[in-house]
Student: 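Following this message is one structure expressed as structure tokens.
Sequential numbering from 1 along the given sequence is applied to the chain's residues. Every heavy atom of this structure was used, including side-chain atoms; hydrogens, water molecules and symmetry mates were not.
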Amino acid sequence: LWNSKLTAKPPGWKPQGGRPSMATIVSVNNGHAFRILDNSFATHAEWHLEKNHAIPVTVGDRILLEWDEMFNIGSGTRIEALYHFLKPGHYELRANILDAAGHPTATTTNLTLILPRPHWQNPWLWAGGLLVFSVTVIWSVRRIVSVKVKHHVERMEHAHLLEQERLRITRNIHDDLGARLTHVSLISSLAENETDSSPVREKFEQISAMTREMVASLYETVWTINPANDTLESLVTFLCQLLQKLCNPANIRSRINVPAIPANPHVSGDLRHHLNLAVKEAINNAIKHSGAQVIELGIRLEHDTLTIWVKDNGKGFDQGAVKEGYGIANLQSRMASISARALINSAPNQGTTVTLEDIKI
């Protein structure tokens, strides 16, 4: 401490050490003083007086050195320790206090730390989540199954009601209209035999023929809408009878090519109706236009797909010059309505084959 008015350091004094910037001059009362602010753990600072600026002394002189020193070791010190990827559990942190020389003292500080387990690692959370997920899945599956069963029951009830209605209509047509038409045909036949007038006899004969045709058409209608006939066996039997019924009056031999039929696959009434009309049209075309001696009906079932063909040994025709009278366009249109196909293969003097394929049952 000196009472000089100088603000700069006295001659010969200079800061030294690993970090000289920590050695500064401060104002104290009316003078100045050296100060060392040591805020680094790794280095130090000091004030040094050069030898050539030392105070001269002689033998017998008395020298008095005085100074004031203020220090604080460790004040405001903060120690940080970082640990990564610690497992959940209990930990104990032990710290020893060091003296001014850096040696550990007997004083030890213990700090107990509890590192909790994250919620997403707790077994009860996983168990609860699994339980909630399982309950949700079970409820969803039961709900879906319940809705499907309900819809299935509704469809079955609707189908049952429709089947009952079809059966009722079938019985009414068969018991009422069928009996009436048969009675009309019988009366016409009796009247035809009792009259001596040729014109009257011809009229009665026409009435009888028309009545028989109506009875046959009525039989086909009853067969179509009767739910008891919704089987492949019934369809095959009906088509075979249809072939014989149409060929016999025309004195044409009929041939049936039908392998063993599986155990009654279901065939809807609508599908039977379209197949009946398509096969009937193909047989009638062969009878009217082919001049054949034999007409063959073939039926084959492979992998729920039905194939039906009508083949004759007649004169055939040139497919490049098809006449509308053959009804080919109508036949193809009818098969397209049930997502199937009608193919005609013919050549002059080679006969004709009408194939109904891709019929899904």
Student: Who are the salt bridge (Lys or Arg N to Asp or Glu O under 4.0 Å) partners of K14, not counting sequence neighbours?
Tutor: E50
Student: Do the side chains of I295 and V310 get nearer than 4.5 Å, heavy atoms only?
Tutor: yes
Student: Working note: T305 + I359, criterion side-chain contact (heavy atoms from CB on, under 4.5 Å); need CA distance, chi angles, decisive distance, verdict.
Tutor: CA-CA 5 Å; T305 301; I359 306 170; 5.6 Å; no
Student: Could you state the interatomic distance from NZ (K315) to OG (S346), rounded to the nearest 0.5 Å?
Tutor: 10.5 Å
Student: Could you tell me the separation between the CZ atom of R300 and the CD atom of E302, rounded to the nearest 0.5 Å?
Tutor: 5.0 Å
Student: So, for H44 and M22, which heavy atoms are closest and what is the spacing to 0.1 Å?
Tutor: C-CE, 3.5 Å
Student: Counting only heavy atoms not in H266, do more than 12 sit closer than 6.0 Å to its NE2 atom?
Tutor: yes
Student: To the nearest 0.5 Å, tell me how far R19 CZ sits from I36 CD1.
Tutor: 13.5 Å
Student: Can you list everything that forms a side-chain hydrogen bond (donor to acceptor under 3.5 Å, both in side chains) with K280? Sequence neighbours excluded, please.
Tutor: E220
Student: Drop me the distance from H274's NE2 to D270's CG, to the nearest 0.5 angstrom.
Tutor: 4.0 Å
Student: Applying side chain to side chain donor-acceptor pair (under 3.5 Å), run through N330 and S333 and close with a yes or a no.
Tutor: CA-CA 5 Å; N330 184 40; S333 176; 5.5 Å; no
Student: For residues M335 and A278, report the shortest heavy-atom separation together with the two atoms involved.
Tutor: SD-CB, 3.9 Å
Student: Considering only heavy atoms from C-beta outward, does the side chain of P118 approach that of P88 to under 4.5 Å?
Tutor: yes
Student: Heavy atoms only: give me the nearest E46-A23 pair and the separation to one decimal.
Tutor: O-CB, 4.1 Å
Student: Donor-acceptor pair, distance only, cut-off 3.5 Å: does the side chain of D312 make one with the backbone of T352?
Tutor: yes
Student: Is there a chain of hydrophobic side chains (I, L, V, M, F, W, Y, each step under 4.5 Å between heavy atoms) that links L277 to I308?
Tutor: no
Student: Determine whether I25 and W13 fall in the same hydrophobic cluster, where Ile, Leu, Val, Met, Phe, Trp and Tyr are linked whenever their side-chain heavy atoms lie under 4.5 Å apart.
Tutor: yes
Student: Can you give me the closest heavy-atom contact between L115 and K87, atom names plus distance?
Tutor: CD2-O, 3.4 Å
Student: Applying side-chain contact (heavy atoms from CB on, under 4.5 Å), run through E296 and I256 and close with a yes or a no.
Tutor: CA-CA 6 Å; E296 176 184 315; I256 298 175; over 6 Å; no
Student: Measuring only between side-chain heavy atoms, which start at C-beta, is L356 closer than 4.5 Å to L343?
Tutor: no
Student: Keeping the roles fixed (side chain from S234, backbone from T231), state whether a donor-acceptor pair exists under 3.5 Å.
Tutor: no
Student: Quick one: do L111 and L113 satisfy side-chain contact (heavy atoms from CB on, under 4.5 Å)? Show the steps, please.
Tutor: CA-CA 6 Å; L111 180 62; L113 302 175; 4.0 Å; yes
Student: Find out whether I344 and T355 are in side-chain contact, i.e. whether some heavy atom of one side chain is under 4.5 Å from a heavy atom of the other.
Tutor: no
Student: With a cut-off of 3.5 Å and sequence neighbours excluded, list every side-chain donor-acceptor pair involving residues 235-250.
Tutor:
| residue | atom | partner | partner atom | Å |
| --- | --- | --- | --- | --- |
| T237 | OG1 | E233 | O | 2.9 |
| N248 | ND2 | Q244 | O | 3.0 |

Student: Between the side chains of N345 and T353, does any donor sit under 3.5 Å from an acceptor?
Tutor: no
Student: Walk me through it: do V267 and N229 pass the test side-chain contact (heavy atoms from CB on, under 4.5 Å)?
Tutor: CA-CA 8 Å; V267 181; N229 297 323; over 6 Å; no
Student: Are V279 and I287 linked, directly or through intermediate hydrophobic residues, by side-chain heavy-atom contacts shorter than 4.5 Å (ILVMFWY only)?
Tutor: yes
Student: L271, V354: one ILVMFWY side-chain cluster at the under-4.5 Å cut-off?
Tutor: yes
Student: For W126, what residues pass the ring pair (Phe, Tyr, Trp, His ring centres under 6.0 Å) criterion, not counting sequence neighbours?
Tutor: none
Student: Using every non-hydrogen atom in the two residues, find where T108 and N96 come nearest and quote the distance to one decimal.
Tutor: OG1-OD1, 2.8 Å
Student: Any sub-3.5 Å donor-acceptor pair from N284's side-chain atoms to E281's backbone N or O?
Tutor: no
Student: Short question: side chain of N313, backbone of Q293 - any donor-acceptor pair under 3.5 Å?
Tutor: yes
Student: Could you go step by step and tell me if E357 and W309 meet the side chain to side chain donor-acceptor pair (under 3.5 Å) rule?
Tutor: CA-CA 8 Å; E357 61 180 15; W309 66 88; over 6 Å; no
Student: Going by heavy atoms in the side chains, are W47 and P15 under 4.5 Å from each other?
Tutor: yes
Student: Using the side-chain contact (heavy atoms from CB on, under 4.5 Å) criterion, which residues pair with V147? Sequence neighbours excluded.
Tutor: R143, H151
Student: Could you grab the distance from atom OG of S254 to atom CD1 of I283, nearest 0.5 Å is fine?
Tutor: 9.0 Å
Student: What distance separates E92 CD from H90 NE2, expressed to the nearest 0.5 Å?
Tutor: 11.5 Å
Student: Report whether W124 and F133 are members of the same hydrophobic cluster (ILVMFWY, side-chain heavy atoms less than 4.5 Å apart, transitive linking).
Tutor: no
Student: Under a 3.5 Å distance rule, please check whether N276 uses its side chain to pair with a backbone N or O of R272 as donor and acceptor.
Tutor: no
Student: Any carboxylate oxygen within less than 4.0 angstrom of a Lys/Arg side-chain nitrogen, looking at K360 and D304?
Tutor: no
Student: Minimum heavy-atom separation for S268 to D230, with atom names?
Tutor: C-OD1, 4.1 Å
Student: Does T307 have any side-chain hydrogen bond (donor to acceptor under 3.5 Å, both in side chains) partners at least two apart in sequence or in another chain, and if so, which?
Tutor: none
